[in-house]
Amino acid sequence: MLGGLHARRLYDDKKSEQARQQGIEPEFHPDLKAAFLQILPLRFFSRLFGTMTSVELPIWSRSYIFRSYARAFHANLEEVAEKLDDYASLQSFFTRKLKEGCRPIDSSSCVISPVDGVILRCGEVSTRGRAIEQVKGYSYSLKALLGGQPHNLLTSTSSNMISADEGSSTSSAELEGCDLFYCVLYLGPGDYHRVHSPVDWHILSRRHISGRLFPVNERATRTIGSLYTGNERVVLEGSWEKGFIALVAVGAFNVGSIELKVEPDLKTNLPKLLSATSSPVNFKKYGDDDSGFFIRKGDELAAFNLGSTVVLVFQAPKSGEKKTLDKDGTRGFEFCVKQGQRVRMGQAIGRWE
């Protein structure tokens, strides 16, 4: 099985790399497989997979199993913090920690990658309807991704927060001088599965949106509509020195469990009978007085049980073709990565001066 998966992965990687070298951008095109996935009980299958991977493995078999897995999915065993025999189950290996110093944090004026993975998309959020492009020919709204209006959107001229709860809205004039940017990162099965903070920021609230658990690989983005807005996800919203920021951890098939280090009691992909609420959206403010809490760049935030996707949305100084100084004496934000590029946690994905 692992050999077959490895061969399929090599074939898909080769096709994607050839397309990138030829400058061919994938377009949205639903297929029969996407339609078939609609009728499968993927949430149940994912819970079953989680149960199976939690089973304790015989000590003698662990090294063989984990090395076979690493060969199939290109996991780097030289970086793991513990001996292979110390990982009692596949799940504990999936969420493994790394050796100290394996992921240096870029401390310059930049936004770092919160995960190891591949950049699927990055750019500016469209001013028309605040849309984010899933793939060429298909977009989704920021509101749909976050499960509601952004609660902590900052204007460029004021430090006051715009709260959707108060019925306020933010016009394009108010946002003059800053833009909304986004970056979509895909974590493969062999990647390091922990999520870290991309900047120094205050986390003010959390939304847990129950939903489907479709695959989120590159093929799925081209064939399944409303992929990130339909899948189960956990949204952390807050503010940083440049304005609004949100980190969205998107669940996927076999990755229904999203663990938050900042909220260990949160449970995802629960059966409906065990769910604490019948509402698909569960909202919580952090802090005794709803003031949230501060977390530094590079600190651990969450973990996926296998691979999945993180969508990062944030405000930053307006970028442009002419790199002129902004009113506060800084240059606009620019991404320093491109679509299809592999990045590591702690690596800069965008900078400003």
Is there a donor-acceptor pair under 3.5 Å between the side chain of [X] and the backbone N or O of [Y]?
X    : Y    : result
Y138 : S226 : yes
R121 : Q339 : no
Q315 : I245 : no
R43  : G211 : yes
R233 : N231 : yes

Do [X] and [Y] have side-chain heavy atoms sitting under 4.5 Å apart?
X    : Y    : result
L236 : W201 : yes
L142 : V313 : yes
F283 : K285 : yes
R207 : N282 : no
F314 : K242 : no
D191 : V115 : no
V234 : I209 : no
I65  : R62  : no

Looking only at non-hydrogen atoms, find the nearest pair between [X] and [Y] and report the distance.
X    : Y    : answer
S46  : A252 : OG-O, 4.1 Å
Q347 : V343 : OE1-CA, 3.5 Å
F93  : L84  : CE1-CD2, 4.0 Å
M345 : P114 : CG-O, 3.4 Å
A131 : S139 : CB-CB, 4.2 Å
C183 : I349 : SG-CD1, 4.1 Å

Residues 295-304, side-chain donor-acceptor partners within the protein, below 3.5 Å, at least two apart:
unit_1	atom_1	unit_2	atom_2	d
K297	NZ	D106	O	3.1
K297	NZ	S108	O	3.1
K297	NZ	C110	O	3.2
D299	OD2	R296	N	3.2
E300	OE2	R194	NH1	2.5

Check the orientation of F94 and Y69. Use parallel for under 30°, tilted for 30 to 60°, and perpendicular for over 60°.
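Plane angle between 30° and 60°, so tilted.
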Using 30° and 60° as the class boundaries, would you call the ring planes of F333 and F335 parallel, tilted or perpendicular?
perpendicular
Lys/Arg cation over aromatic F44: R47, 6.0 Å, 45° cone
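The answer is no; the distance or angle limit is not met.
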Nearest 0.5 angstrom please: E56 CD to L90 CG, how far?
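The CD atom of E56 sits 12.0 Å away from the CG atom of L90.
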Hydrophobic cluster membership, with links at side-chain heavy-atom distances under 4.5 Å among I/L/V/M/F/W/Y: are I105 and L312 in one?
no
Within a 6.0 Å radius of atom CD1 on I59, are there more than 12 heavy atoms belonging to other residues, nucleotides or ligands?
no
Would you indicate whether Y64, at its atom OH, is surrounded by more than 12 heavy atoms from other residues, nucleotides or ligands within a distance under 6.0 Å?
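Not buried by this count: 12 neighbours or fewer within 6.0 Å.
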Looking only at side-chain N and O atoms, does [Y] offer a donor or acceptor that is under 3.5 Å from a partner on [X]?
X    : Y    : result
Y286 : E263 : yes
Y186 : T221 : no
R67  : S63  : yes

Which pairs pass ring pair (Phe, Tyr, Trp, His ring centres under 6.0 Å) with one or both residues in residues 100-134, sequence neighbours excluded?
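Checked against ring pair (Phe, Tyr, Trp, His ring centres under 6.0 Å) - neighbours excluded - no pair reaches residues 100-134.
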Taking NZ, NE, NH1 and NH2 as the nitrogens, is one of them in D116 or R103 under 4.0 Å from a carboxylate oxygen of the other?
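Here D116 pairs with R103 in a salt bridge, since their nearest N and O are under 4.0 Å apart.
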Only one of K267, E232, K284 passes side-chain hydrogen bond (donor to acceptor under 3.5 Å, both in side chains) with H208; say which it is.
E232
